[in-house]
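Take a look at the structure set out below.
Every chain is numbered from 1 and lettered A, B, ... according to where its sequence line falls, protein lines coming before strand lines.
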Amino acid sequence: MGWLDMAITAGIWALEILAIAVPVALTVAYTTYIERRVIGIMQIRKGCNRVGPFGLLQPLADGLKLFLKETIIPTNANKLLFIAAPVMALVPALVAFAVVPFGETRLFGIWDEAHVMAVAHLNVGLLYVLAIGSLSIYGVLMAGWASNSKYALIGAVRATCQMISYEISMGFALVCVLMLAGSMDLAKIVDAQAGGFWHWYIIPLFPMFLVYFISGCAESNRTPFDLVEGEAEIVAGHIVEYSGMWFATFSLAEYGAMILISLLTCILFLGGWHAPIEALDFIPGTVWLLLKAAFFIFVFIWFRATFPRYRYDQMMRLGWKIFLPWTLGWVAVLGICTYAGELNHSLQFLSDMIGFYQPWRS
Amino acid sequence: MLEAGFFYLFAAMSVIGGMGVVLARNTMHSVMFLIFCFFNTAGLFFLLDAEFLGIILILIYVGAVMVLFMFVIMMLEVNKAKLKEGFLQYLPVGGVIALILLIELIAASSSGVFNTETIAAVGHFGKDVNNTVEIGKVLYTQYLLGFEIAAIILLVALVGAIVLTLRTRKDAKYQNISKQVNVRKEDRLRKVRM
């Protein structure tokens, strides 16, 4: 491979990364706008409507304001980690998008076979997302520790406990998806759900869908699980000492994680880029995926406007005493159903039922 | 060539990370070095086409470092004068352990097990060979017993940790959440005719 080829490959990679990162950043900006408008409507007030038509330029104005504000570093903070922490929060949130498949394309008929639209088509994509998702906690932890403030530290400790509690049930919910799809490749998981909404994994895995979405809500520290930054108790938790652009980086990471969870919920449980019925296939798959994801982003905002914050012990109870047994039980149920037919012939109907969703068995 | 370059990059970075863990004065910094070291080791696994192991390394080990953080914050008393105090006292024991490890490593690498001739496939498999599936096949057939024993040991440790820390105090008040959740209007509210 010559230098020119290498340069071309590197250029294509850079373009691919930009093609994901720029829309994500824009979506984050406009999610904040939508959030303020939607919560405004739900609370019977206007929301932001001053800057530009319908307040549409508000995110840009906010960005400009945050950019121009001074970054204050506390005297006794650990400077290096204090500055590194927002970056450590943002990087996993963006890097996780590398494996998300946004659809299949033949590039207007130029390619003979359909290619998956993802920066990296890993065959352990699901594990990758789980691993990278658990890394986002380090930004919060470092911010909490480096700020040298007790509120920030308490926020960081809370974030850790929350992450450990909910990551386990999230992982088991994903194991259920694996048992049906028989692959950790996100594109193959979507393909296993092809052929109409009755093939979607939300039907056999409805409880797991709930567990995954709620755990995702807890992992991205959204209301009602935002105890990490509960302003009534610990002011703003790990972001108490941050201002200006570094503060904005944290919220960028939070909204990025929210979008990622929405996309993954659609990919894992709602058939990804497949239309609910085949008659609607004329709408491109990517549009379907983004529409479904947009709905879940709306649900995140809806949650925020509806639910009060959990008490800490309630949150721990939900994670350990409800979700964990529930997901473990569902793993067992799926496993038994899959092989029930081989144990006893009269139970064959169970295997057939679950086999409908398991393309790897036929 | 590119692969060798990446190998040296990851290997050098993981050695630097490992040195950083031991040499950093600040325990938080050494924890960060540990994460860095794990990442580069995961990179080495990726170079060997062992993407499952690489991701699992990040998921489990880097995830567990989170608990180390808590340990540092809650338990360790960071006292620099004290840190240096025991250096000479522990030097002989530590030195002997380091020496034994060095000899073992040299013996293992020169034993011939890791020769390119004895390793079945030095090159890369095609894209159709799925690492995760292959590991699963071997793990649940040939090495099932070892796997189960490891699982039971982990379970015992889990139960042990809970037994050691769980104690119900008689004099403390606890909230019964299911009772709180199940409360009805009739239980709390009484209409009084005035």
Side-chain angles (χ1 to χ4, degrees), chain A residues 1 6 9 78 80-81 84-85 88 92 99 120-138 140-142 144-146 148 153-154 156-164 167-168 171 178 182-185 188 310-318 320-322 360, chain B residues 1-3 5 24-29 31-36 38-39 42 45-46 49-74 78 125-136 158 162 174-181:
Chain A
M1 204 200 277
M6 266 187 187
T9 317
N78 185 323
L80 182 70
L81 290 179
M88 281 196 280
V99 293
H121 188 185
L122 284 184
N123 60 11
V124 285
L126 197 60
L127 267 184
Y128 174 87
V129 169
L130 201 63
I132 297 297
S134 71
L135 292 182
S136 59
I137 187 70
Y138 286 108
V140 176
L141 254 180
M142 278 290 110
W145 187 80
N148 202 9
L153 189 61
I154 292 172
V157 173
R158 281 186 174 191
T160 316
C161 299
Q162 198 164 320
M163 177 62 90
I164 294 172
E167 206 185 15
I168 297 172
L178 286 188
S183 171
M184 287 199 280
D185 185 341
K188 280 194 185 135
Y310 262 111
R311 210 172 57 209
Y312 204 78
D313 60 321
Q314 288 173 330
M315 196 201 71
M316 282 294 159
R317 174 176 172 269
L318 184 69
W320 289 105
K321 291 191 179 172
I322 299 175
W360 54 274
Chain B
M1 187 199 78
L2 204 59
E3 202 182 318
R25 282 286 159 79
N26 191 329
T27 31
M28 276 294 171
H29 289 173
V31 168
M32 293 315 291
F33 271 120
L34 189 61
I35 297 176
F36 184 67
F38 280 139
F39 260 100
F45 273 122
F46 275 112
D49 283 350
E51 69 272 357
F52 180 74
L53 290 179
I55 294 274
I56 286 289
L57 187 79
I58 293 178
L59 186 65
I60 294 179
Y61 281 84
V62 179
V65 170
M66 207 151 64
V67 181
L68 264 183
F69 263 111
M70 290 296 103
F71 187 72
V72 170
I73 290 173
M74 297 170 101
V78 182
F125 286 111
K127 232 192 154 187
D128 51 313
V129 178
N130 192 335
N131 207 286
T132 320
V133 174
E134 299 304 321
I135 288 178
L158 202 73
I162 293 172
Y174 291 96
Q175 284 159 324
N176 184 347
I177 295 179
S178 43
K179 217 167 147 190
Q180 289 178 334
V181 172

**Report entry** Portion of L81(A) that has a non-hydrogen atom of chain B nearer than 4.5 angstrom
**Finding:** side chain

Query raised in the report: If you count heavy-atom pairs under 4.5 Å between each of R311(A), M142(A), M88(A), K321(A) and chain B, which one has the most?
Result: R311(A)

Query raised in the report: Tell me, side chain or backbone of D185(A) under 4.5 Å from chain B's heavy atoms, or both, or neither?
Result: neither

Query raised in the report: Between L127(A) and L59(B), what is the shortest heavy-atom contact and its length?
Result: CD2-CD2, 3.9 Å

Report task. Please look at I35(B) and chain A and tell me whether the side chain, the backbone, both or neither of the residue comes under 4.5 angstrom of a heavy atom of that chain. Result -> side chain

Query raised in the report: Do you know the tightest heavy-atom contact between M316(A) and Q162(A)?
Result: CE-N, 4.1 Å

**Report entry** Heavy-atom proximity to chain A below 4.5 Å, by part of Y61(B)
**Finding:** neither

Requested in this report: Not counting sequence neighbours, which residues clear ring pair (Phe, Tyr, Trp, His ring centres under 6.0 Å) with Y128(A)? List them please.
Outcome: none

Query - Considering all heavy atoms, the nearest G54(B)-A42(B) contact - result: O-CB, 3.6 Å

Query raised in the report: For I137(A), is it the side chain, the backbone, both, or neither that has a heavy atom closer than 4.5 Å to a heavy atom of chain B?
Result: side chain

Query raised in the report: Which residues satisfy the ring pair (Phe, Tyr, Trp, His ring centres under 6.0 Å) test with F46(B), sequence neighbours excluded?
Result: none

